Amino acid sequence: MSAASELKNLASPSRAFDHQRFFKTAKGQYGEGDIFLGITVPQVRKIATKHKKISFKEIEVLTASKYHELRLCGLIILTLQFKETKDRSAQKSIFNFYLKQAKAGRINNWDLVDVTAPIIGAYLVDENNPYPLLEKLSRSKSLWDRRLAIIFTFAFIRAGELDPTIEISQKLLRDEHDLIHKAVGWMLREVGKRDVRMLRDFLRDYSHKMPRTALRYAIEKLPEPERKKWLADSR
């Protein structure tokens, strides 16, 4: 049985209704028009693992689906294939295929980005100059491309390279969308876990320019007196 068929067999209309509210699928919301089957992430991961050897053509059947969980499954399969190979050319093929899905508008909600970009973004860590792509994504009109730009930098953080997150955070400071504010704050918080001085330097320069949500996320792990000071000083 195909991965798509297995997933559809797990559909739960009541859970689908809850997911469509949670992921803001109503008219005018960021996930407008997305359709859910009502499948849990652990269920999706189990089926993705079972079908992790399928081809790009078969993966694209999933990522091109109107159903959110099928797209998630296809993208998770890509992460599994990426992690299982050390071959640079194979990783490049996976990365390029992933970007193709993004360009086609198939990576179109925050969970699809967040579950996959920190893994697939590891390809960029070994690139000579990853900044042009990250900057291009950060300037995109697409909310999801911009979220990819900052969440890709999680791979750099995990590799001990913090500068890309600082660089892209600066470029997204004036972004108008709450989902970008949250993502930037989250990545800055991760920077602070590795190098709190670097986070404090960033806050010293930019806290008064940061959206309030981004600032709150960024300082979440700092001592409470310091958090209060940053919030007060940035008013």
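Predicted, not measured: the structure shown is a model, and the values here were computed from it.
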Between the side chains of [X] and [Y], does any donor sit under 3.5 Å from an acceptor?
| X | Y | result |
| --- | --- | --- |
| Glu176 | His181 | no |
| Ser89 | Asp87 | yes |
| Asp34 | His19 | no |

Closer than 4.0 angstrom, basic N to acidic O: yes or no for [X] and [Y]?
| X | Y | answer |
| --- | --- | --- |
| Lys53 | Glu58 | no |
| Glu6 | Lys50 | yes |
| Arg216 | Glu220 | no |
| Lys229 | Glu226 | no |
| Arg106 | Glu60 | yes |
| Arg212 | Asp178 | no |

Ring-face cation contact, Tyr123 with Arg88, 6.0 Å cut, 45° max: yes
| Do Arg15's NZ or CZ and the ring of Phe17 fall within the cation-pi criteria of under 6.0 Å and 45°? |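 Output no; distance or angle outside limits.
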If Ile, Leu, Val, Met, Phe, Trp and Tyr residues are connected whenever their side-chain heavy atoms lie under 4.5 Å apart, and connections chain through other members, are Val44 and Val61 in the same group?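 No, no single cluster joins them.
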Are side-chain heavy atoms of [X] and [Y] found at a separation under 4.5 Å?
| X | Y | value |
| --- | --- | --- |
| Lys46 | Gln43 | no |
| Ile39 | Ser12 | no |
| Thr25 | Tyr30 | no |
| Tyr131 | Leu124 | no |
| Tyr98 | Phe82 | no |
| Arg146 | Leu172 | yes |
| Thr165 | Leu162 | no |
| Leu62 | Ile54 | yes |

Sub-3.5 Å donor-acceptor pair from the side chain of [X] to the main-chain atoms of [Y], do we have one?
| X | Y | value |
| --- | --- | --- |
| Glu161 | Ile157 | no |
| Arg194 | Glu190 | yes |
| Ser140 | Leu137 | no |
| Gln91 | Thr85 | yes |
| Asp195 | Met198 | yes |
| Glu135 | Pro132 | no |
| Glu69 | Gly38 | yes |
| Asp175 | His177 | yes |

Measure the [atom1]-[atom2] distance between [X] and [Y] for me, rounded to the nearest 0.5 Å.
| X | Y | atom1 | atom2 | answer |
| --- | --- | --- | --- | --- |
| Leu143 | Ile180 | CG | CD1 | 5.0 Å |
| Glu167 | Thr153 | CD | OG1 | 11.0 Å |
| Ile77 | Thr49 | CD1 | OG1 | 8.5 Å |
| Asp233 | Ser207 | CG | OG | 7.0 Å |
| Lys100 | Phe56 | NZ | CZ | 9.5 Å |
| His68 | Ile35 | NE2 | CD1 | 12.0 Å |

Looking at every heavy atom in both [X] and [Y], which two are closest together, and how far apart are they?
| X | Y | value |
| --- | --- | --- |
| Tyr67 | Ser65 | N-OG, 2.9 Å |
| Ile59 | Gly74 | CG2-O, 3.5 Å |
| Ile107 | Trp144 | O-CB, 3.3 Å |
| Cys73 | Leu7 | CB-CD1, 3.7 Å |
| Gly31 | Asn109 | CA-ND2, 4.1 Å |
| Ala155 | Ala122 | CB-N, 3.4 Å |

Ring center gap for Phe23 and Phe36 short of 6.0 angstrom:
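Yes, ring centres under 6.0 Å apart.
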**Request:** Verify side chain to side chain contact (heavy atoms under 4.5 Å, CB included) between Val184 and Thr213, making sure each step is shown before the conclusion.
**Result:** CA-CA 9 Å; Val184 168; Thr213 299; over 6 Å; no
Residue that, paired with Gln101, satisfies side-chain hydrogen bond (donor to acceptor under 3.5 Å, both in side chains) out of Asn108, Thr116, Thr63 =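 The passing option is Thr63.
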ask   = Would you find more than 12 non-hydrogen atoms of other residues, nucleotides or ligands less than 6.0 Å from Lys193 atom NZ?
value =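 More than 12 heavy atoms, drawn from other residues, nucleotides or ligands, come within 6.0 Å of this atom.
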